[in-house]
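Positions are given from 1 along the sequence. Note that the structure is predicted; figures quoted are calculated from it, not measured. Order of listing sets the numbers, starting from 1, for every ligand and every atom in it.
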Amino acid sequence: MSQPIFSPLAGVEGCPEGGYYAVVDLGAHVLAWQPPGQRPVLWTSGRSHFEPGLAIRGGVPVVFPWFGTGPLGNLRPAHGVARTTTWRRGEVVDTTTSDGRLTVTYHLDQTMTGPVPHFPHSYEAALTARFSPESLAVALTVTNTGERDLPYECALHTYLAAGDITQVSVEGLDGRPYLDTVPGASPRERVQEGPVTFTAETDRLYAHVGEVTVVDPAWGRRLRVAKQGSATTVVWNPWVDKAAAMADFGDDEWTGMLCIEAANLRDDALLLAPGESHTLSQSISLA
Ligand code: TA6
């Protein structure tokens, strides 16, 4: 048996004929979805860490309980503690050898992350990854198990593989307002005109609840990215300079990836009453 790609981390992999699936316990982090006979759909950096406590660069990082450095810009680590904590693996249903399907569920609660400054709340989080030849579906359900309201941000920070980002376009955001968060962008608040194309560092928070299609002419493929329970779609490509500035990102890797993230953040952050739950989900398929 060859070493799984995520070694030495623990996780689960599925090997349907001609395909590959992988998820690791660190961060309940989906690493790979390669439908049988297709190119990989998720992207992971060749420079990524695969060590306990360190964020993985690629796949589907689970962003919780804050996005970036939080609404006030004062929270660390970036994108919260969920992705650098080892979750408890729950049910695994592996029928890859019969119908090509694999479902893995993970659990996290506040007792597993150690004390988190600025986030003194009790919660239960469940992450379910459903792999099949037709689609990858990832869902994050958070339940407030405390006695006070639970405020949080979340995202499924999905890294998609692309043939050539300079030829890629993203359909489905036309007319949607967005915040351009690239440093120095002016104005920051804009409205999307037509498909999103990439000619420089792109880091945008779209007010958007629907699906998008990623059109990839270099690889001759279209990816449908649908979501539920999300008010924000984040679109990101670091481009040349930011890629070079990240140690866990190859200098020339920016041409082969983009992030399409289902999120709830800033003005659309969530607030759960005691006992209340919310599910954020994203589904990717070949259109
Ligand atoms: O989702 C886009 C973003 O917030 C970018 O601004 C960039 O920082 C990216 O996430 C990666 O963040 P990370 O903490 O994984 O390096």
Are side-chain N/O atoms of [X] and [Y] paired as donor and acceptor at under 3.5 Å?
X	Y	value
Y106	D25	yes
T143	E276	no
T105	T128	yes

Exactly one candidate in L102, V41, V60, V138 meets side-chain contact (heavy atoms from CB on, under 4.5 Å) with W33; the answer is V41
Among all the protein's non-hydrogen atoms, which is closest to [atom], and how far away is it?
atom	answer
atom 8 (O) of ligand 1	K242 NZ, 3.6 Å
atom 1 (O) of ligand 1	E261 OE2, 2.7 Å
atom 12 (O) of ligand 1	H79 NE2, 3.4 Å
atom 16 (O) of ligand 1	R57 NH2, 2.9 Å
atom 15 (O) of ligand 1	R83 NH1, 2.8 Å
atom 5 (C) of ligand 1	D203 OD2, 3.2 Å

Are the side chain of R176 and the backbone of G172 linked by a donor-acceptor contact shorter than 3.5 Å? no
Between D99 and the options T97, T95, T96, the side-chain hydrogen bond (donor to acceptor under 3.5 Å, both in side chains) test singles out T95
Atoms of ligand 1 less than 4.0 Å from F67 heavy atoms? 1 (O), 4 (O)
Interfacing atoms of ligand 1 (cut-off 4.0 Å, heavy-atom, V234): 1 (O)
